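Remarks on the structure that follows.
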Amino acid sequence: MFDGILTVIGLAFLLFGLFVFFSAVLGLYRLDYVLNRMHAAAVGDALGIFCVLVGLIFLHGWSLPAAKTLLVFLFLWLTSPVASHLIAEMEVFTISDIRKECEVEER
Amino acid sequence: MIVLEYILLAGLVVCAVAAPLCKRLLTTVIVYMAFSLLMAVLWSLLQTPDLAITEAAVGAGITSILFFLTLKKIHALKGTRDE
Amino acid sequence: MNKTPSKQSWWLRLVEWVDGDREPKDQTLFVMEQRPPRHVQRSDAEFATQDKHRLHRFRRWYPVCAVLICLALMGILMAAVLTMPTFGEADNPINNEVAEHYLEYGLEETGSANVVTAMILSYRGFDTLGESCVLFLAVAAVMMLLLRDEKNTDEHDQQKQEREDGILAAHPDLILRRAAWVLVPFVFLFALYVLLNGEVSPGGGFSGGTILGAGLILYSAAYGPKQMRVLMDARRYAAVRTFGLVLYVLLYGIYIFLGANQMPNYLTGMTLLIDLAVGLVVACTVYGFYVLFSRGEF
């Protein structure tokens, strides 16, 4: 009974994560401007990774690989936003008429 | 597992065909990166974790960095031309 | 530049040629903009139309030839795959006594539980020595081409580089720096784990060295060249690079000596040290490529 509940929770997390990834990819294709597309990809990435990895931990049960999965999750949450930030900063630096597209904070 | 393998193999073929057909060099490098990642997963499915680690580090990481730097050096990236 | 080329010895001429002071005679096959002989000089319009025509012809035939070559290669490879033995069969030609010997005696002969590491670093260590030499020479060749010094840098390049450095120093990316400050120690730790654990688990010199080089690249990208020089300047880099190769050669020499003289192998930690040497060479190669491609100096 307990195992069944865990499996259901895990599957729900996994499917929700896949849905988030799908919407991220959709946003990447659908949106026009670079920063919007990057935002969709970055946000979808973070939430999708969280949901998929938590779902995997629920499905697999608590063990050493689950702890390693948590470490992977930590690493990805640390690096993926930084990478998105760098891409966005590069876009702001290189586009001369960025003010036409959006508001930019002065540094 | 065999279904996953077939999906990855199809992805490999798609990446291999897409890499030379891309119009921009930057896209080609990114597609090549995706190829390396798929290959790394396939190596680990084929039970060669040594190769998988090396492929992920060299193919997806270092080679792409070197390609990007080369593109920057020959001014093929947007915004690096000095005017 | 060359006053009396005939009287100089061939060595001096070669040195001049290597330095780029002396132009070789124009014997190249494909000269792109060769001036046509005077008696058949054409007008510019004629030139343009001819160029366009040639380009057009090239554009038309290039995809056809490319597709044909690709199809031929694909056919050859497919034919080769069709004649290959089935994957995983017991009586395949690769399942002979050599593989059996490796699997059976690998642990006691080399002291490493991972058969791949045992094979790469002990049984086939000579191949790996060649690979390490190739990596070493590759960095040397890239250094020859891309290293910045007084001879190949002009004022314009220097100013551009200084301007870029100034921009980077004036606006340090705080987010990247904080992330790198957290991540770099763990990247190094993982690299050392993969390096030194190559005996018993997947990994070893090549993958661990690559991760180590990637960590160095991350540090260099986040903190800039000035901070990086504290950790590794040109002299230290050369020292580490050479030390790795020399260590490998020495250790493997001892290995060959012991094996050839039928002496018992008491040096159990040997594979570990060889792994470390290969890892140093690979890390230096990767980091050197990055530095030379991006800035051209350490």
Side-chain angles (χ1 to χ4, degrees), chain B residues 1-2 5-6 9-10 12-23 25-26 28-29 33 35-37 39-77 79-83, chain C residues 63 66-67 70 74 87-88 114-121 135 138 142 145-146 156-157 159-161 163-164 187 190-191 193-195 197-198 201-218 220-221 279 282-283 285-296:
Chain B
M1 228 37 165
I2 200 83
E5 232 167 272
Y6 278 122
L9 284 174
L12 271 190
V13 173
V14 168
C15 284
V17 173
L21 292 182
C22 286
K23 287 272 187 258
L25 287 172
L26 187 66
T28 307
V29 175
M33 228 161 127
F35 181 90
S36 289
L37 277 179
M39 202 68 226
V41 177
L42 265 174
W43 283 132
S44 68
L45 281 183
L46 288 173
Q47 305 188 346
T48 45
D50 299 74
L51 267 181
I53 296 176
T54 315
E55 176 81 35
V58 175
I62 306 295
T63 322
S64 333
I65 291 178
L66 288 185
F67 274 136
F68 283 136
L69 286 175
T70 314
L71 288 184
K72 189 183 166 224
K73 209 155 184 90
I74 63 174
H75 304 298
L77 289 180
T80 53
R81 210 181 299 275
D82 54 329
E83 277 132 343
Chain C
V67 166
C70 277
M74 257 170 76
F87 182 74
N114 185 5
V115 189
V116 178
T117 307
M119 210 163 323
I120 289 179
L121 292 182
L135 292 178
V142 173
L145 288 174
L146 294 179
H156 181 68
D157 283 350
Q159 278 175 1
K160 202 178 130 207
Q161 188 70 47
R163 206 170 57 224
E164 277 181 15
V187 172
F190 182 62
Y193 165 75
V194 172
L195 252 178
N197 231 24
S201 69
F206 284 97
S207 22
T210 319
I211 299 171
L212 199 62
L216 282 174
I217 289 176
L218 175 62
S220 163
V282 173
T285 309
V286 166
Y287 174 66
F289 276 165
Y290 169 76
V291 166
L292 289 169
F293 272 65
S294 63
R295 291 173 44 83

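Note that the structure is a prediction, hence the values are computed from the model and not measured. Convention: sequence-line order gives letters A, B, ...; per-chain numbering from 1.
- Taking CZ of C/Phe289 as the start and OG1 of B/Thr63 as the end, the distance is 10.5 Å to the nearest 0.5 Å.
- Taking CZ of C/Phe293 as the reference point, atom CZ of B/Phe68 lies at 14.0 Å (rounded to 0.5 Å).
- In summary, of the residues considered (B/Leu69, B/Leu66, B/Ile65), a side chain to side chain contact (heavy atoms under 4.5 Å, CB included) with C/Ser294 occurs for B/Leu69 alone.
- In terms of heavy-atom proximity, B/Lys73 sits nearest to C/Leu292 at NZ-O, 4.5 Å.
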Exercise for review: Begin from the C-alpha positions of C/Ile217 and B/Ile62 and carry the test side-chain contact (heavy atoms from CB on, under 4.5 Å) through to its verdict.
Suggested key: CA-CA 9 Å; C/Ile217 289 176; B/Ile62 306 295; 4.2 Å; yes
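- Chain C forms more heavy-atom pairs under 4.5 Å with one residue of B/Thr54, B/Asp50, B/Thr70 than with any other, namely B/Asp50.
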